[in-house]
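Just the heavy atoms: all of them, side chains too, but no hydrogens, waters or symmetry mates, feed the values below. Below, chains carry the letters A, B, ... as their sequence lines are ordered, and counting in each starts from 1.
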Amino acid sequence: MDTTTASASEAPAPAAGGQPILQVRDLGVTYGSGKDAVHAVGNLTFDVAAGEFVCIVGPSGCGKTTLLKALAGLITPTRGEAAISGKRVTGPRPDLALVFQDYTRSLMPWLSVRKNVTFPLEAKRLPKAEQHERAQAALDEVGLTGFEDKYPWQLSGGMQQRVAIARAVAYQPSVLLMDEPFAAVDAQVRADLEDLVLRVQRDTDVTVLLVTHDIDESVYLGRRVIALSHRPTTVRRSFDVPLPYPRNQLTTRADPAFIDLRTEVLRMIQEERLAHAGTSGDVVEGAERPQGT
Amino acid sequence: MIAFAKRARLFALELIVPVALLVLWWFASKDSTSPYFPPLSESWQEFKNVYIWDGFRDDVLAVSLKHFIVGFVVGVSVGFAVGLLIGLSDRARRNLAPLTEFFRATPIVALIPAALIMVGPGMTLEAGLIALGTNWSVMLNTADGVRGVDPVMIDSARAYGLSRSQQIRKIIIPAAMPQVLAGVQVAVALGIAVMVVANMFVSTEGIGYRVVEAQVNFDPKGSWAGIFMIALIGLVITVIYNTIHNRLLAWHRGWRGTAGTN
Amino acid sequence: METPGRRGLRWPGKYLEPVLVVVAFLALMELAAAQKWFGEEVLPRVTDVVPVLWDDITSGVVLEGTWITVRSWGLAMLIVIAVTIPLGLLLGSSRVLYHATHLTIEIMRTVPSIAALPFLVLVYGIGTKLVVVLVMLIAVWPLLLQTMAGVHDVDPQAKDTGRVYGLSRLQVFRKIVLPSALPYIATGLRISGTLGLLLAIATSLFAGGDGLGALIFSAQLNFDIPLTFARIFVCGLVGLAVYYALVMIERRVLAWHPAYRKEPL
């Protein structure tokens, strides 16, 4: 398996020594069996170090969402395993949070913004004072001070996604998984949210694994970009991103190193797509339930 | 948000026809000598005499409304509980389907003779019939609402470590509320109808009984007065419920209203 | 947690279990009757009801009563449909008319039509006319409201698209408004139909005559308890049949419709 470490990067090095915080070994998810088997995820092996920001890209239908669900403990992999902080993932974990793409479907419309953020904390039965404190801090962090008592549908799309991010932040996970979190907002809002996530990561030192189909975004955000193959999904290549933090929408994206890298990643993804053009029966990306059992 | 003036105008427009009809009826029947359609003024007079306030207290409050509230609460609770079960478990739904479908389709009135034999007249019978009538729409709507909860919302909660019981209490039930309350709304109307029917034909007291009594005594004015009272009760209960209903679902209207615009 | 890739249990339990539940229920009833939980001579034994039911059917009595009730119901429904749908289409088309009449109709709907029964008995006496009038009284409102709503809720963009492509107003109505309103109308038909049947049976039960309700009542009057329950059972079957017939129509109309509002039952 091919993990290429390119030039030495100037990004802040992840915590030296010790295990990677997220370890994925031979992970595979297959729906159905026999002729109708759908290999949503083939065979994935990779590590993420503590405090790293890693982006995952891949051709459409390569099971990125399924991967995140398996890491979050929502689905049992049919082979292989994942481990967080050394402990195997067998179900949802308090040290892991997942932000979905569609905020309208993951925020509770009958709860205020504040209550949406404290929702997981309440379920964990944290004392009220601490819930309130964490929620306020998280909402301040994402720039929603003053909107605590509004309802999600009263806010714009970008703000709603901030609420979802604040909810994850307040949860104080060790690992933050994000499933194409900015796909449902327009370009300008997207740029703001990208910078927001970078800031959050820097302030809280959380490990981030972000899945996206936007290659520019993956290179902009990540310290590493993992490119997946077409189905059956494997890790095609892991790119180091030799760009300095803090990143900047204008200067970073104009940096020749950025352009070179994103071109390389794009070329790889396109190769994957063309090599498998015409393959029938793609997994519907974003499908919530396994097809046919 | 519609400006207040526009809403007021719309409301006024809506009131025109009912008011006009009443006025028309009043004057058209003024000199009526028909035994079945006495002058509205006289029926109205009869209504005031009987139902303000003795009749209201004795017939309506003490009997009919009491039965209604008891039956309604029981019916809605049972409907909700069973609907929840059916909604959460496909297996339960399949297994109970023959029974629920059959009993739901059986007109309540047909069951009255059997119920009369089994339980005997009185509060139990009436409240029981109302409970039976209100139960179905709540049950089915609850089941639909529970089944229709967005899986992404549930997955979100699952990812944050909520137990199944927490998922049901904190996500599934609130998310299903709009559908459940829609069922309750239908149940209100049906409950009123069952209350009236039961009261008319298996009781010896209450407002429905009064109407039948008036018929037996060839007293059309009394009949009309009773009908007014029933209509009024129906209207008031419906308005009260709808107000509560709209209050509870304010979030839902806001949410629906902005869907697709963000 | 979900486990994809594992096949569900492949035993016929899916179809067997509901049957078992029904059998268990009947057994419970039999037990309750035999053990006299509700007192003497109150709940009939299932084994007593079945032969009585069979006789009632084969003798044609209950079938005739059913036919009389269903016939009156059907007649009333036809009249209601013929009058209400055009009226609803008209009222729904005009914003002014819609708002002017909407409240009135909602109010009329809350008035329990059954309250008029004693009064109407005085006016019409007992018979088919009584049933038809009462069924019409109750069935008009839901169908009217639904039809009006169906027309009122047509997507303005759909209508504009038609006009842009040069359709006349009549064509827009026939080809865009009508199909769009059809699901609402079908739902209204289902609601009206089931309520109407309910009232038909109620009328027949309380006012007398020859319908199914009257048959139930007369059985009870004669203290023939197994027969009472047998006829109630038939009534349930009729209700089931009518309900599913109407639901079929509704679903067929809804099935091809791209977007429709889900109406509660």
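Among the candidates A:Ser106, A:Ala97, A:Pro173, A:Ala164, the residue making the largest number of heavy-atom pairs closer than 4.5 Å to chain B is A:Ser106. Contact count against chain A (heavy-atom pairs under 4.5 Å) is highest for B:Pro174 among B:Pro174, B:Ala159, B:Gly161. Between chain A and the options B:His252, B:Lys170, B:Met177, the largest number of non-hydrogen pairs under 4.5 Å is found for B:Lys170.
A search for ring-ring contact (aromatic ring centres under 6.0 Å, His included) contacts involving B:His245 returns B:Tyr241, not counting sequence neighbours.
Between the NZ atom in A:Lys69 and the CZ atom in B:Arg158 there is a gap of 7.5 Å [rounded to 0.5 Å]. Between A:Asp102 atom CG and B:Asp150 atom CG the span is 7.5 Å, to the nearest 0.5 Å. Atom-to-atom distance recorded for A:Phe119:CZ and B:Ile171:CD1 is 3.5 Å, nearest 0.5 angstrom.
Residues B:Tyr160 and A:Tyr171 are in side-chain contact: their nearest non-hydrogen atoms beyond the backbone lie under 4.5 Å apart. Annotation: side chain of A:Leu107 is not in contact with side chain of B:Trp255 (no heavy-atom distance under 4.5 Å).
Other residues, nucleotides and ligands contribute more than 12 heavy atoms inside 6.0 Å of the CZ atom of A:Arg79. Residue A:Lys115 places its NZ atom among 12 or fewer non-hydrogen atoms of other residues, nucleotides or ligands, all under 6.0 Å distant.
Heavy atoms of B:Leu249 lying under 4.5 Å from chain A are absent altogether. Proximity to chain B (any heavy atom under 4.5 Å) is shown, for A:Pro109, by both the backbone and the side chain. There is no contact between A:Leu177 and chain B, counting heavy-atom distances below 4.5 Å.
Between B:Met153 and A:Thr104 the shortest heavy-atom distance is CE-O, 4.4 Å.
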